[in-house]
There are 2 protein chains.
Amino acid sequence: MNISGYSKTAVKILEASLPLFAARGYNGVAMRDIAQTVGITAAALYNHFSGKETLYYQALEYAFADKVDSLSSELHASPDPDGRLRRLISFWIEILGGDVILRSLLQREMSDADEQRLRLLLDRIFMPVYERCKTTMATLARGRVDEHLLFFAILGLVLSHFQLTPIRKRLPGCHPEHEDAERIAAHLARLLLYGLNGNDSGHG
Amino acid sequence: MNISGYSKTAVKILEASLPLFAARGYNGVAMRDIAQTVGITAAALYNHFSGKETLYYQALEYAFADKVDSLSSELHASPDPDGRLRRLISFWIEILGGDVILRSLLQREMSDADEQRLRLLLDRIFMPVYERCKTTMATLARGRVDEHLLFFAILGLVLSHFQLTPIRKRLPGCHPEHEDAERIAAHLARLLLYGLNGNDSGHG
DNA sequence: GTCTATAAAGGGATAGAC
DNA sequence: GTCTATCCCTTTATAGAC
């Protein structure tokens with residue numbers, strides 16, 4: 001038993017199952033697969049988790065725990081709104097871009113639309129960030145765009161960038177620089193702040 | 001045999017399987033489920049398709065056929081770049097927002113990352129649109145943003161809007177208007193054209 | 001072309017020895 | 001807490017009658 005309440009073996013099981021669930025989805029992973037990855041038999045899994053469903057749910061809980069809290073506290077580090085937008089973009093890039101497993105799990109959960117698991121996503125990922133940058137959204141929106149939609153536009157731009165990578169890399173015009181976190185952040189910030197018709201001279 | 005090369009029963013099978021695959025994914029759908037929806041037995045499916053894998057692939061082909069061609073030809077209907085951007089946004093909203101099955105299939109395919117099926121997505125959906133609005137992208141980008149990334153920013157804003165709807169609807173600040181196609185289009189066009197710091201007086 | 005019957009494999013879960 | 005053995009159900013796919 002460690003601080004998370006899981007035994008060492010239970011943690012090994014959770015950590016072994018996550019890449020499998022991320023890559024092949026709930027139905028694509030057999031208890032035998034997880035057991036084999038850990039190095040035990042399927043029967044032994046049931047000493048730690050009551051069944052596949054709860055194992056999956058607890059694996060999600062484990063994957064989403066503390067992902068956001070450690071980072072989102074520094075969302076307000078910049079004094080000006082533009083800087084805080086850049087921080088938020090970088091934050092999402094770090095969360096979503098840096099962890100292919102988390103991203104895959106998120107995507108699968110948004111497709112599956114299970115109520116309980118959507119709650120988990122909300123409580124552990126989206127709600128904490130939303131609460132923390134609500135005022136920043138209002139400042140940025142300045143009453144000219146919808147704050148709620150703005151939050152999801154920022155999130156969506158980052159999420160879709162990574163999500164569409166398999167497509168993006170296969171279309172003409174792709175470039176290695178498009179995978180660089182800082183350049184992506186700069187590109188998205190410029191687009192959001194100044195738009196296509198805006199004037200950003202002196203800021204680039 | 002009709003024009004698509006499929007018998008009437010084969011078409012019924014394809015059309016019955018698509019909502020199932022969209023909702024529950026490849027592994028979540030049994031041949032029995034599809035057969036039952038059509039009103040035949042699972043064994044009879046094999047008179048029309050050699051196996052589950054090919055049925056799935058051909059269902060995708062069927063779902064993606066002609067989705068884009070009919071619409072994307074009018075992408076250039078507007079003479080000015082801003083109008084063409086609005087057209088492109090509305091086009092994606094129509095394609096992605098209007099068809100929950102197509103959208104779910106797309107999402108699942110982007111998670112699964114099967115090479116052959118990614119090719120299908122490219123050939124039937126993304127490449128045709130990309131080719132048709134390459135010059136519009138260049139005009140809009142005006143050398144100040146990356147054209148390739150701009151294409152995916154537009155696509156991503158629309159796609160993620162619908163994809164994140166389950167989350168969006170559960171966060172404070174949501175509004176019924178956020179589901180209205182025209183308002184979404186206006187919001188995204190304004191954001192892309194003028195940005196958060198831009199001046200759009202006289203355009204909104 | 002569809003049916004019933006069935007093979008063959010896979011997968012979740014349990015019993016009981018150690 | 002893990003193992004082997006096994007149960008039981010599901011699932012893909014085929015065989016052969018109609």
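Order of the sequence lines fixes the chain letters, A, B, ..., with proteins taken first and strands second; residue numbering starts at 1 for each chain. All heavy atoms count here, side chains included; hydrogens, waters and symmetry mates do not.
D:dT14 atom P lies 7 Å from atom OH of B:Tyr46, rounded to whole Å. One interatomic measurement links the two molecules: CZ of B:Arg32 to C1' of C:dC3, which rounds to 14 Å at whole-angstrom precision. Between the CZ atom of A:Arg24 and the P atom of C:dG11 there is a distance of 9 Å, given to the nearest Å. Atom CD1 in A:Ile34 sits about 11 Å away from atom C1' in C:dG12, given to the nearest Å. We find that NZ of B:Lys8 is positioned 12 Å from P of C:dG1, with the value rounded to whole Å. Rounded to whole Å, the distance from NZ on A:Lys52 to P on C:dG10 is 15 Å. Residue B:Met31 contributes atom CE, which lies 6 Å from atom P of D:dA13 at whole-angstrom precision. In this structure, the CG atom of A:Asp33 is 10 Å from the C1' atom of C:dG10, given to the nearest Å.
Among the atoms of the strands shown, none is found under 4.0 Å from any heavy atom of B:Val38. If you check every strand for non-hydrogen atoms under 4.0 Å, B:Thr9 touches sugar and phosphate atoms only.
Of the candidates D:dC3, C:dG1, C:dA5, C:dA5 carries the atom nearest the B:Ala43 side chain, counting heavy atoms from C-beta on. Taking only side-chain atoms of B:Thr41, from C-beta outward, the nucleotide of D:dA5, D:dA13, C:dT4 with the closest atom is C:dT4.
Judged by a 6.0 Å distance limit and a 45° cone about the ring axis, A:Lys52 is not positioned over the six-membered ring of A:Tyr46.
For the pairing with A:Thr136, the side-chain hydrogen bond (donor to acceptor under 3.5 Å, both in side chains) check across A:Arg87, A:Arg84, A:Glu147 returns one residue only, A:Arg84.
Taking A:Glu182 as the reference, A:Asp180 meet the side chain to side chain contact (heavy atoms under 4.5 Å, CB included) condition, with sequence neighbours excluded.
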Open item on the list: I'd like to know whether A:His187 forms a side chain to side chain donor-acceptor pair (under 3.5 Å) with B:Asp146, so could you lay out the CA-CA distance, the side-chain angles of the two residues, the decisive distance to 0.1 Å, and finally the verdict.
Closed with: CA-CA 8 Å; A:His187 157 73; B:Asp146 185 292; over 6 Å; no
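With DNA chain C read from its 5' end, the first of the two nearest nucleotides for B:Ile40 and A:Gly51 is the one closest to B:Ile40.
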